[in-house]
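First the structure, in the form of structure tokens, and then the observations on it.
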Amino acid sequence: MIERVRAVLVTADDTLLVIRRTRPGIPVYWVLPGGGVEPGDESREAALHREIHEEIAGKADIIRLLHTLETDDERQLFYLARIATWSFEDRTGPEFSAEGRGEYALEEVPLTLEGLDGIDLKPEEIAHVLRGVIGAGSLGVEASR
């Protein structure tokens, strides 16, 4: 089974860092930073730190596992994390230089129901989970400040 880790990255301004994906022939959509767990990763959290470094040259404090999404052949683990610094210009992930992968653009969206409703966050299940915890006021990032 393929394992992927993704980060719900909350900034000091209470925005959410997302990546806008633009690909030929597909409507624009947004994803959370992250990627596959590799054999050399010491843990899922280590894989997430590596992916955050590769994709946005950032360092994050992982707070907790927020949600797990599992299909027959893939498991995605979504972690809630605080992030203070990042630089999209200094990203190093191999996907950014691959031909035909489309465009990646880092964006900050308000960590509100309105902010989430303004983007097409994939997968839909994590968008639904985030709407639920934001609506209930139970995201839990306040404790990490």
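We number each residue from 1, following the sequence as shown. What you are looking at is a predicted structure, and each value in this text was computed from that prediction instead of being measured.
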Look only at the side chain of D90 and the backbone of S87, and say whether a donor-acceptor pair between them is shorter than 3.5 Å. no

What's the spacing between I83 CD1 and T11 OG1 if we round to 0.5 Å? 9.0 Å

With a 6.0 Å cut-off (strictly less than), is the heavy-atom count around NE2 of H67, excluding the residue itself, greater than 12? yes

Any side-chain heavy atom of F78 sitting closer than 4.5 Å to one from L32? yes

Judged by modelled atom types alone, do Y79 and R44 share a side-chain donor-acceptor pair under 3.5 Å? no

Distance (rounded to the nearest 0.5 Å) between W30 CH2 and E107 CD: 6.0 Å

Is any side-chain heavy atom of L66 closer than 4.5 Å to one of R64? yes

How close do E125 and T68 get, counting heavy atoms only, and between which atoms? OE2-O, 4.4 Å

Can you confirm whether L77 sits close enough to E3 that some side-chain heavy atom of one is under 4.5 Å from a side-chain heavy atom of the other? yes

Closest approach of A81 and A60, non-hydrogen atoms and distance? CB-CB, 4.1 Å

Here the gap from I52 atom CD1 to I62 atom CD1, rounded to the nearest 0.5 Å, amounts to 6.0 Å

Using the rule given for salt bridge (Lys or Arg N to Asp or Glu O under 4.0 Å), can you reason through D120 versus R21, listing the C-alpha separation, both sets of side-chain angles and the distance that settles it, and then say yes or no? CA-CA 10 Å; D120 184 15; R21 294 285 284 118; over 6 Å; no

Shortest non-hydrogen contact between P33 and L9, atoms and distance: CG-CD1, 3.8 Å

To check you understand the geometry: which heavy-atom pair defines the closest contact between L130 and L116, and what is its length? CB-CD1, 3.6 Å

Just verifying a value: how many Å separate I56 CD1 and E89 CD, rounded to the nearest 0.5 Å? 11.5 Å

Check: S43/D41 side-chain N/O donor and acceptor closer than 3.5 Å: no

Is the number of heavy atoms from other residues, nucleotides or ligands under 6.0 Å of K59 NZ greater than 12? no

State whether a side-chain donor-acceptor pair under 3.5 Å links T15 with E108. yes

Heavy atoms, side chains only, cut-off 4.5 Å: are L106 and V18 in contact? no

Side chain to side chain donor-acceptor pair (under 3.5 Å) partner of R4, chosen from E74, Q76, E51: E74

Run the side chain to side chain contact (heavy atoms under 4.5 Å, CB included) check on L69 and I126 step by step: do they pass? CA-CA 8 Å; L69 174 60; I126 193 60; over 6 Å; no

List in chain and number order the residues that pass side-chain hydrogen bond (donor to acceptor under 3.5 Å, both in side chains) with E70, two or more places apart in sequence or in another chain; answer none if no residue qualifies. R75

If you look at every heavy atom in L48 and R6, which pair is closest and at what distance? CD1-C, 3.7 Å

For the student: nearest non-hydrogen atoms of V109 and G115, plus distance: CB-O, 4.5 Å

